[in-house]
Amino acid sequence: MAFDYLIVGAGFSGSVLAERMARVAGKRVLLIDKRPHIAGNAYDHHDEAGVLVHRYGPHIFHTNSREVFDYLGQFTEWRPYQHRVRASVDGQLLPIPINLDTVNTLYGLKLSAYDVEGFFSAAAERCEQVKTSEDVIVNRVGRELYEKFFRNYTRKQWGMDPSELDAQVTARVPVRTNRDDRYFTDTYQAMPRHGYTRMFERILDHPGIKVMLNTTFAEIAEEVSFDEVIYTGPIDEYFGYCFGRLPYRSLRFAFETHDVPQVQPVAVINHPNEQPYTRVTEFKHLTGQVHPKSTLVYEYPQAEGDPYYPVPRQENAALYQQYKALADATPGVHFVGRLGTYKYYNMDQVTAQALTLFAKLSGRPRAERAQGGGVLA
Ligand code: FAD
Ligand code: UDP
């Protein structure tokens with residue numbers, strides 16, 4: 001059988017492109033994944049106890065892009081959900097992002113929103129240029145809060161000190177002077193009502209899309225006939241690591257089911273300091289599932305294993321640029337997604353990136369970009 005596109009990876013980027021190519025452009029698509037399931041890292045399923053869990057850690061959907069929200073909304077109903085996280089610090093569960101209540105509870109103070117700005121300013125160590133993930137936080141709230149909430153979490157998560165990581169990593173977490181304790185403030189915050197995997201099943205439900213699981217690119221490339229490749233796996237792997245390996249950070253997930261309906265007050269508790277894990281997630285807060293039992297997942301960062309996080313550092317960006325130049329000079333192969341473009345992108349960003357690539361390949365303009373919107377960093 002001959003295909004127009006061989007798409008490697010059935011996560012957000014590969015699946016969105018498969019859908020657009022088949023449904024809008026009328027192409028014949030073969031979508032493969034080496035894993036035994038679709039949905040990439042967003043894959044969810046019911047565990048042995050019947051609790052809906054995310055196999056690769058908590059995935060919370062949030063975006064400012066109406067285009068992305070509406071696009072995915074064709075394939076799922078949404079369940080409104082505002083994410084809240086607490087950090088376990090000095091024996092207390094405190095709001096993170098750091099806000100007015102974090103400071104007042106931690107120090108037994110009664111500061112107002114106005115006072116707390118002065119509190120942060122007095123503690124802040126101003127740096128001329130905010131370059132690293134240490135600079136971002138120390139420059140805003142000072143060293144003490146940095147050490148309690150950020151330094152050790154980041155060391156665990158990334159295996160290096162925040163001073164060795166680009167500013168964009170800790171800049172993902174804002175600092176607030178009000179009492180807003182939501183993790184995100186995006187316009188659209190919601191979870192797919194029947195889960196991510198169900199949404200992906202609907203994205204891929206088209207006669208022009210053939211899905212092959214448990215199949216690597218290396219296994220299939222010589223066996224089928226296709227015109228072009230869209231590749232969402234690691235770009236360095238595609239090119240046989242010819243310039244050396246791009247570093248990725250991995251995680252080990254430890255699931256635990258409890259015989260009670262609820263264990264934690266909020267979906268996620270971050271553990272910046274004493275524990276070997278970084279955070280613990282109780283899925284039922286995210287999914288809204290009603291069930292007599294509850295499953296939690298502990299995240300243990302590690303160097304080896306599936307590549308989950310590109311590591312934002314200048315030297316890694318420079319190495320990626322070498323691969324990108326090679327990719328640009330390789331006809332018929334298009335790289336996209338978190339691994340294909342080595343970008344620390346959220347789900348909405350990879351969806352937007354996939355829609356942009358579709359617009360480029362098909363010659364059909366993207367509605368929102370034409371209006372100046374968009375979610376790419
Ligand atoms: P992936 O989902 O990684 O899909 C790539 C697929 O390609 C994989 O399924 C892989 O098996 C397959 N593949 C790779 N190489 C090959 C090969 N050679 N042959 C065949 N198949 C191959 N984003 C959010 O917006 N909100 C969150 O709360 C959030 N939480 C996250 C938590 C964790 C722990 C992690 C790791 C990520 C989180 N993300 C979150 C980010 C989100 O997972 C990504 O943005 C998104 O899944 C990227 O989609 P993708 O299609 O680019 O890549
Ligand atoms: N971070 C931290 N303490 C926290 C939360 C986050 O030090 O309590 C840092 C850490 O380096 C983390 C980064 O901020 O990797 C981004 O946090 P986010 O919650 O966005 O991480 P993700 O969900 O992508 O793993």
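In each ligand, atom 1 is the first atom listed, and ligand 1 is the first ligand listed.
- Here the heavy atom of the protein found nearest to atom 15 (O) of ligand 2 is Trp158 NE1, 2.9 Å.
- Proximity of Asn346 to ligand 1, defined as any heavy-atom pair under 4.0 Å, is shared by backbone and side chain alike.
- Taking the centre of each ring, Tyr298 and Phe253 stay at or above the 6.0 Å mark.
- Distance CZ/Arg84 to CG/Asp181: 4.5 Å, rounded to 0.5 Å.
- In this model, a donor atom of one side chain and an acceptor atom of the other lie less than 3.5 Å apart for Tyr71 and Glu19.
- Just one of Tyr309, Phe150, Tyr153, Tyr248 meets the ring pair (Phe, Tyr, Trp, His ring centres under 6.0 Å) condition when paired with Trp158; it is Tyr309.
- Using a 4.0 angstrom heavy-atom cutoff, Thr215 counts as in contact with ligand 1.
- In summary, the atoms of ligand 1 found under 4.0 Å from a heavy atom of Gly233, numbered by their order in the structure, are 14 (C), 15 (N).
- For atom 22 (P) of ligand 2, the nearest non-hydrogen atom of the protein is Tyr344 OH, 3.5 Å.
- Near Arg172, the atoms of ligand 2 lying under 4.0 angstrom from a non-hydrogen atom of the residue are 16 (C), 18 (P), 20 (O), 24 (O).
- Residue Tyr231 approaches ligand 1 through these ligand atoms, each under 4.0 Å from one of its heavy atoms: 18 (N).
- Contacts between Glu219 and ligand 1, counted as non-hydrogen atom pairs separated by less than 4.0 Å, are absent for every part of the residue.
- Every atom of ligand 1 with a heavy atom of Leu251 under 4.0 Å away is listed here by number and element: 34 (C).
- Taking the ring centroids of Phe239 and Phe335, they lie under the 6.0 Å cut-off.
- Residue-to-ligand polar distances place Phe149 within reach of ligand 2: an N/O pair is separated by less than 3.5 Å.
- Geometrically, ligand 2 and Tyr183 share a nitrogen or oxygen pair separated by less than 3.5 Å.
- The protein heavy-atom contact nearest to atom 13 (C) of ligand 2 is Val169 O, 3.5 Å.
- At a 4.0 Å heavy-atom cut-off, ligand 1 touches Tyr56 through the backbone alone.
- Counting heavy atoms only, Tyr308 comes closest to atom 36 (C) of ligand 1 of the residues Tyr43, Tyr308, Phe12, Phe184.
- Residue contact annotation: Arg151 has no non-hydrogen atom under 4.0 Å from ligand 2.
- In this structure, the ring of Tyr231 has its center less than 6.0 angstrom from the ring center of Phe217.
- Summary of contacts: the protein heavy atom closest to atom 12 (C) of ligand 2 is Tyr153 CE2, 3.8 Å.
- Thr197 and Asp44 share a side-chain donor-acceptor pair at under 3.5 Å.
- Using a 4.0 Å cutoff on heavy atoms, Met212 does not count as a contact of ligand 1.
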